[in-house]
K.L.:
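Have a look at this one before I ask anything.
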Amino acid sequence: MVDAAVLRRVAMALPQARDNSEAGFFRFEVAGKGFAWTCVMRVKPKTPRVAQPGVLIRLAAVEADELAGLLRAAWRRVAPKPLGAAHPE
């Protein structure tokens with residue numbers, strides 16, 4: 001099981017990660033692009049939202065090592081290519 005402190009520690013361990021979280025909502029970025037953020041679901045949405053690629057993870061149902069792998073993959077997807085190449089898995 002992962003809590004907010006573990007999520008923050010794992011995300012911030014990635015190269016050039018920035019924590020742009022605020023008021024209880026998480027948002028982690030690299031080079032200005034989000035790779036992990038809080039998903040706020042509406043029960044009855046009034047307007048459809050634009051779909052964004054991602055994976056929904058329940059922190060209470062994931063282990064830290066699995067979360068680390070998922071965050072690394074997300075980071076790699078949005079990180080600038082030279083940065084990703086400088087930090088191979």
Side-chain angles (χ1 to χ4, degrees):
M1 183 171 103
V2 171
D3 62 10
V6 172
L7 170 63
R8 181 169 276 115
R9 179 179 53 79
V10 171
M12 293 305 296
L14 295 165
Q16 296 185 22
R18 288 193 56 195
D19 183 350
N20 286 332
S21 302
E22 57 182 56
F25 293 96
F26 298 109
R27 180 170 173 82
F28 299 99
E29 299 178 347
V30 60
K33 295 181 181 178
F35 66 89
W37 54 91
T38 305
C39 177
V40 180
M41 305 288 287
R42 295 187 216 167
V43 176
K44 293 182 181 179
K46 294 179 183 177
T47 58
R49 293 187 176 195
V50 176
Q52 295 192 19
V55 175
L56 180 63
I57 300 169
R58 294 186 188 277
L59 296 181
V62 69
E63 296 298 324
D65 58 340
E66 184 179 10
L67 176 67
L70 292 167
L71 287 178
R72 271 193 308 275
W75 175 90
R76 191 165 288 294
R77 186 175 179 98
V78 298
K81 296 223 182 287
L83 180 61
H87 298 280
E89 290 186 38

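Numbering of residues begins at 1 and proceeds along the displayed sequence.
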K.L.:
How far apart are the closest heavy atoms of Met12 and Arg18, and which atoms are they?
P.N.:
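Residues Met12 and Arg18, closest heavy atoms: SD-C, 4.0 Å.
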
K.L.:
What do you reckon, is CZ of Arg27 surrounded by more than 12 foreign heavy atoms closer than 6.0 Å?
P.N.:
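Enclosed.
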
K.L.:
Give me the atom names and distance for the closest heavy-atom approach of Ala17 to Ala11.
P.N.:
CB-O, 3.3 Å

K.L.:
Indicate the ring-plane relationship of Phe35 and Phe28, choosing parallel, tilted or perpendicular according to the 30° and 60° boundaries.
P.N.:
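Ring orientation of Phe35 relative to Phe28: tilted.
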
K.L.:
Kindly give the heavy-atom pair with the smallest separation between Val30 and Pro15, and that separation in Å.
P.N.:
CG2-O, 3.9 Å

K.L.:
Check whether any side-chain heavy atom of Ile57 sits under 4.5 Å from a side-chain heavy atom of Leu70, and report yes or no.
P.N.:
yes

K.L.:
Measure from the side-chain N and O atoms of Arg76 to the backbone N and O of His87, and report whether any donor-acceptor pair falls under 3.5 Å.
P.N.:
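Present.
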
K.L.:
For Val10 versus Ala68, what's the shortest heavy-atom pair and its separation?
P.N.:
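In this case the closest contact between Val10 and Ala68 is CG1-CA, 3.5 Å.
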
K.L.:
Which heavy atom in Arg72 sits nearest to a heavy atom in Leu14, and how many Å separate them?
P.N.:
CG-CD2, 3.6 Å

K.L.:
Hey, does Leu71 have a side-chain heavy atom less than 4.5 Å from the side chain of Leu7?
P.N.:
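They are in contact (side-chain heavy atoms under 4.5 Å apart), so the answer is yes.
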
K.L.:
Between Arg8 and Ser21, is any pair of side-chain heavy atoms under 4.5 Å apart?
P.N.:
yes

